[in-house]
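Notes follow the structure.
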Amino acid sequence: MMSSTQLAVIGGGPGGYTAAFLAADLGIPVTLIDESPKPGGVCLYRGCMPSKALLHVAKVMTEAREASAWGLTFAEPTLELDRLRSWKQQVVSRLTGGLGQLSTQRGVTYLQGRAELLGPSSARVIIPDGTTTDLEFAHCVLATGSRPAIPRALRLESDRVWDSTRALEVPAALLAVGGGYIGLELGSVYAALGSKVTVVEMTPGLLPGADRDLVAVVARRLESVCDAILLDTTVTNLTEEGTGVRVTLEGPSISESVLQFDRVLVAVGRVPNSEIPGLERTRVRLGDRRFVEVDGERRTAEPSIFAIGDLVGEPMLAHKASHEARAAVEAIAGHKTVFEPAAIPAVVFTDPELAWCGLTETEARAQGRTFQVARYPWAASGRALTLDRPQGVTKLIVEPDTEQLLGAGLVGSGAGELIAEAVVAIEMGATVSDLRLCIHPHPTLSETIMESAEVFFGQSTHVYRPNRS
């Protein structure tokens, strides 16, 4: 069977379905191809959304336990795993079902199956029942995403070794290998649900890439809820033994080199799904770490083929993929476009949350930039105190001469929501004076951004800082 379309999108995650939907909105006939029954990708089916549902449950359980400090006492929370799994699946089903409806409403042709490129203008789709459909296209967007990285030393064919997409259980003792955002988010979930969690990170600090002063707030919290956090430590071997996993560790901070855990969660990063069948039949090139090479329009070396999302490089984030999708489709539609954001926000959904955008303090220093940091401690925020979450910080990275905002970082309750204001400010070329003069509602956590700007001038109402430095 042979059919044709103007645009084929391979991969139904946030980048892929955004590309398909925008193309349909622009009047471009489009076919969306993915192995799942409905659009959504790893993010909706097994990644972002399921984990955030679990993080919400963990947060509610934590707040119930801590409420006694406010004079409100609950019984110890009890967990019904089957109902939690069911609720998580309801969230996933509602989201993917909604995307299926939007796809139909827009007239997008959806093919469930695995795509193989036959060349720069055609593909074969292998349907789950074994039949095939050949598809001719004028343009193609590759949006095949990424998968968890599993180093050789951590490869063990066992249900006791998980990656970030595995089913929900609550083991008595869990080892989280990797102190990045996935390991810490899921590790904190299991700790709240009742597991004794040990985190192992091979670098000297958690969350490499984020500023140390912000990470310190998260680290202090995690140290209070985790059984242990081992830095500068590597896992050299995993062996299934009895009902658990025997783990061999190397590092200066460990007292025992061999430990036993019920389950091991491997969260050491992700690698692109660039092993697309038939890619060698095109001029598409793979570069460093096997990411697909693209230009500012997200066009590959094969003029008819574009690539977006995790497939083309860091940061491997759903919202970055969605915006790359818009750039690619606009280019396909003949519009002038380029993907060159000034600020891509990153959020770690631990408790407390950590978020940043633009230049970090570490990056600004490495680039030799002249900059000034304005910090506002949440201990001075009335709203943070009413939430009993004063352990937070809002910071701005500012170019002193022009007062232009270069970057921002927050750690604290709801930081992932608050960072959007800083993204808009950086993209619009706002100055720290602009932030100071924008009236923020009181009492809110958003005021900490305004007051950070006032700190820059030594004029914060709630923080005394007499001199700019």
Side-chain angles (χ1 to χ4, degrees), residues 1-41 96 99-145 272-286 292-295 297-309 311-312 321-322 324-337 339:
M1 184 184 299
M2 174 67 76
S3 58
S4 64
T5 185
Q6 187 173 340
L7 173 63
V9 179
I10 301 177
Y17 71 72
T18 296
F21 290 2
L22 177 59
D25 291 345
L26 294 177
I28 299 173
V30 57
T31 297
L32 178 60
I33 306 161
D34 192 87
E35 295 185 61
S36 298
K38 293 183 177 68
T96 56
L99 288 174
Q101 290 179 353
L102 288 171
S103 181
T104 301
Q105 290 168 352
R106 283 181 159 93
V108 172
T109 299
Y110 187 79
L111 290 179
Q112 182 184 2
R114 181 172 176 81
E116 174 187 357
L117 291 170
L118 301 178
S121 59
S122 61
R124 174 165 294 153
V125 182
I126 304 171
I127 309 300
D129 64 8
T131 61
T132 62
T133 295
D134 288 352
L135 181 68
E136 290 183 335
F137 52 78
H139 293 95
C140 177
V141 173
L142 303 177
T144 52
N273 289 325
S274 52
E275 301 84 7
I276 300 168
L279 194 65
E280 71 281 358
R281 300 181 185 126
T282 72
R283 288 177 285 180
V284 175
R285 293 196 297 262
L286 301 183
V292 174
E293 295 181 351
V294 293
D295 63 13
E297 293 181 332
R298 310 290 91 173
R299 192 188 303 266
T300 70
E302 184 66 70
S304 62
I305 298 179
F306 294 71
I308 60 173
L311 193 59
V312 301
S322 298
E324 286 179 312
R326 301 190 72 86
V329 172
E330 292 280 359
I332 290 168
H335 302 166
K336 187 176 181 180
T337 184
F339 181 75

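Please read these numbers as outputs of a predicted model, since none were measured by experiment.
Contact between I308 and A328 at its shortest, heavy atoms only, is CG2-CB, 4.1 Å. For the residue pair I28 and A333, the shortest heavy atom distance occurs at CD1-CB, 4.0 Å. Nearest heavy-atom pair across T300 and I305 is OG1-O, 2.8 Å. Minimum heavy-atom separation, A325 to G15: CB-O, 3.2 Å. In plain terms, the two heavy atoms of A23 and V30 that are nearest each other are CB-CB, 4.2 Å. Nearest heavy atoms, V329 versus A19: CG2-O, 3.4 Å.
Summarising the geometry, atom CD belonging to E297 is positioned 10.5 Å from atom NZ belonging to K336; distances are rounded to the nearest 0.5 Å. The CD1 atom of I126 lies 13.0 Å from the CD atom of Q112; values are rounded to the nearest 0.5 Å. Note: C140 SG to I276 CD1 = 8.0 Å, rounded to the nearest 0.5 Å. Once rounded to the nearest 0.5 Å, the distance linking OG1 of T5 with CG of L32 reads 10.5 Å. Note: E116 CD to S122 OG = 9.5 Å, rounded to the nearest 0.5 Å. For the atom pair OG1 of T31 and CG of L135, the computed distance is 5.0 Å after rounding to the nearest 0.5 Å.
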Query raised in the report: Could you go step by step and tell me if D34 and Y110 meet the side chain to side chain contact (heavy atoms under 4.5 Å, CB included) rule?
Result: CA-CA 8 Å; D34 192 87; Y110 187 79; 3.3 Å; yes
Query raised in the report: Should E35 and R114 be marked as a salt bridge (Lys or Arg N to Asp or Glu O under 4.0 Å) after you check the CA-CA gap, both sets of side-chain angles, and the distance that decides it?
Result: CA-CA 6 Å; E35 295 185 61; R114 181 172 176 81; 3.2 Å; yes
Requested in this report: Test L142 against L279 for side chain to side chain contact (heavy atoms under 4.5 Å, CB included), laying out the working first.
Outcome: CA-CA 10 Å; L142 303 177; L279 194 65; 4.0 Å; yes
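Residues S3 and T133 are in side-chain contact: their nearest non-hydrogen atoms beyond the backbone lie under 4.5 Å apart. Within the 4.5 Å cutoff, side-chain heavy atoms of I10 are placed close to those of L117. Counting heavy atoms from C-beta on, the side chains of T132 and V125 never come closer than 4.5 Å. Looking only at side-chain heavy atoms (C-beta outward), T144 and S274 stay at 4.5 Å or farther from each other. Using a 4.5 Å heavy-atom cutoff, the side chains of V294 and F306 are not in contact. Contact check for Y17 versus V9: no side-chain heavy atoms found under the 4.5 Å cut-off.
Here the side chain of S103 pairs no donor or acceptor atom with the backbone of L99 at under 3.5 angstrom.
Residue-environment remark: CZ (R285) stays at or below the threshold of 12 foreign heavy atoms within 6.0 Å. No more than 12 heavy atoms of other residues, nucleotides or ligands lie within 6.0 Å of CZ in R326, so this atom counts as exposed by the packing criterion.
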